[in-house]
K.L.:
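Got a structure for you, written out below as structure tokens; questions coming shortly.
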Amino acid sequence: MLRGPIAEISLSALLNNLKTIKSIVRDRHIIPVVKADAYGHGSIEISRLLLKHGVEYLAVAFTGEARILRESGINCQIIVLFDRDACECIELNLIPVIHSIEAAHEFSREARKRNAQINVHVKIDTGMGRLGLTGEHIMDGLLTISKMPGIKVTGIISHFSEADLKDRTFALQQLNKFISIRDMLSSNLNRYIFSYIANSAAVMSFPEAYLDAVRPGIMLYGYSPLSYDIPADDQKFYDKLIPVMSVKTKILNLRNVPAGTPISYGRTFTTKRKSKIGVIPLGYADGFNRLFSNNAEVLVRGRRVPVVGRVCMDMTMIDVTEIKDIKEEDEVVIIGSQGQEKITAYELAERANTITYEILTSLGSRARRIYV
Ligand SMILES: *Cc1c(COP(=O)(O)O)cnc(C)c1O
């Protein structure tokens, strides 16, 4: 039998989340973000299901991720958010997001070399401080790029830095800047420019930002990105999201030890009573953060039990003294439900002082995945 964690990916939960997003944004395009192997959920399977249900575009970070999709037969429009490999973009028929005039020159040169004409989207930095045209010369830059042979600017894109906050002042400034650039560009070029800026946080809380399309990632996978408690009357969307990933493993070994037994590296935990310790084949190499040492719970037989001692590379110890009839090979839930109990990526993120995104990408990408 294969060891190590299993990530159970629920396609019905994914579909539920897609429908929830559709009910919020209505006729806007939904561009699911499937970068980082669909946040650890498996980009091929996730993309296939989404495409079966009306999605027309996907977004990835790098051309390598798009290649994996193309090679598995996915031929929808794929937007490449961060790469600048013009050859790959042309060969794979991708829509690159261009971040600078220099990069635009490269795309133009490559396209002319092949006698090709490629559609590109241009990134505008409205306040994220990461990538995109910025400063006072954004319009000049856009017009310069628009005139380059071999490429056609069909869209503009920007990204919010804090649409997850309750105070939307800065997000609104970003949106207004973006809209004014779009309006200037489309009047200059005398044509419609596809524009999009909304991530999950904006989908959940900022309808003015929907524009032509939204680009949700984390919401699709069943988690709210908002960093504040949602007011009761806004709970309707939030409640409808269902986590797509459960992570499970099985007890590898059980041992009965006397009081005073140190557990794991550094002896950070010593049993205070006669104890039963379970060893599970899951460690930080599987994305179970070392910060969970003495600082997380897992589910066994429908009950919460604590992680004891340091998380190792491939192993973690849990205290199962209180669980009657426990046996080796019993299922252990890291994320997901068992009986009445539930552990979410929110809980783990809080314990490791990080965000659900990092929990899902680390645990999900290293587990063996099964689709249910
Ligand atoms: C990752 C990413 C998204 C999706 O963000 P979520 O918070 O997961 O919805 C959207 N746009 C860009 C540019 C991104 O990098």
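Read the numbers this way: they start at 1 and go in the same order the structure lists the ligands and their atoms. Atom set for the values below is all heavy atoms of this structure, side chains included, hydrogens, waters and symmetry mates excluded. These numbers were taken from a predicted model, which means no experiment stands behind them.
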K.L.:
Distance alone, cut at 3.5 Å: any donor-acceptor contact between the side chains of S246 and E8?
P.N.:
no

K.L.:
Run the side chain to side chain donor-acceptor pair (under 3.5 Å) test against Q77 and tell me which residues pass, sequence neighbours left out.
P.N.:
none

K.L.:
May I ask you to check whether F206 and F160 place their ring centres under 6.0 Å from each other?
P.N.:
yes

K.L.:
Which protein non-hydrogen atom lies closest to atom 9 (O) of ligand 1, naming both residue and atom, and how far is it?
P.N.:
S200 OG, 2.5 Å

K.L.:
Looking only at distance, does P225 have an N or O less than 3.5 Å from an N or O of ligand 1?
P.N.:
no

K.L.:
Does the gap between the ring centers of F194 and Y196 come in under 6.0 Å?
P.N.:
yes

K.L.:
Would you please say whether a donor-acceptor pair under 3.5 Å links the side chains of N294 and T268?
P.N.:
yes

K.L.:
Return yes when R130 approaches ligand 1 closer than 4.0 angstrom through a heavy atom, no otherwise.
P.N.:
yes

K.L.:
Side chains of Y210 and D27 only: does a donor on one sit below 3.5 Å from an acceptor on the other?
P.N.:
no

K.L.:
For ligand 1, which atoms, with element, lie under 4.0 Å from some heavy atom of I218?
P.N.:
6 (P), 8 (O), 9 (O)

K.L.:
Give a yes/no verdict on whether any heavy atom in P216 is under 4.0 Å from an atom of ligand 1.
P.N.:
yes

K.L.:
Among all protein heavy atoms, pick out the one at the shortest distance from atom 1 (C) of ligand 1; state its residue, atom name and that distance to 0.1 Å.
P.N.:
K35 NZ, 1.5 Å

K.L.:
Closest non-hydrogen protein atom to atom 8 (O) of ligand 1, residue and atom name please, with distance?
P.N.:
Y39 OH, 2.5 Å

K.L.:
Tell me which protein heavy atom sits closest to atom 12 (C) of ligand 1, plus the residue, atom name and distance to 0.1 Å.
P.N.:
H159 CE1, 3.4 Å

K.L.:
Apply salt bridge (charged side-chain N to carboxylate O under 4.0 Å, His left out) to the pair E331 and K250, showing each step before the final yes or no.
P.N.:
CA-CA 5 Å; E331 181 185 78; K250 284 179 177 172; over 6 Å; no

K.L.:
Heavy-atom contacts with F82 under 4.0 Å: which atoms of ligand 1 show up? List them by number with element.
P.N.:
15 (O)

K.L.:
Can you report which non-hydrogen protein atom sits closest to atom 7 (O) of ligand 1, along with the distance?
P.N.:
Y357 OH, 2.6 Å

K.L.:
Identify which of M219, K123, R215 has a heavy atom lying nearest to atom 10 (C) of ligand 1.
P.N.:
R215

K.L.:
Would the Y284 and F288 ring centres measure less than 6.0 Å apart?
P.N.:
no

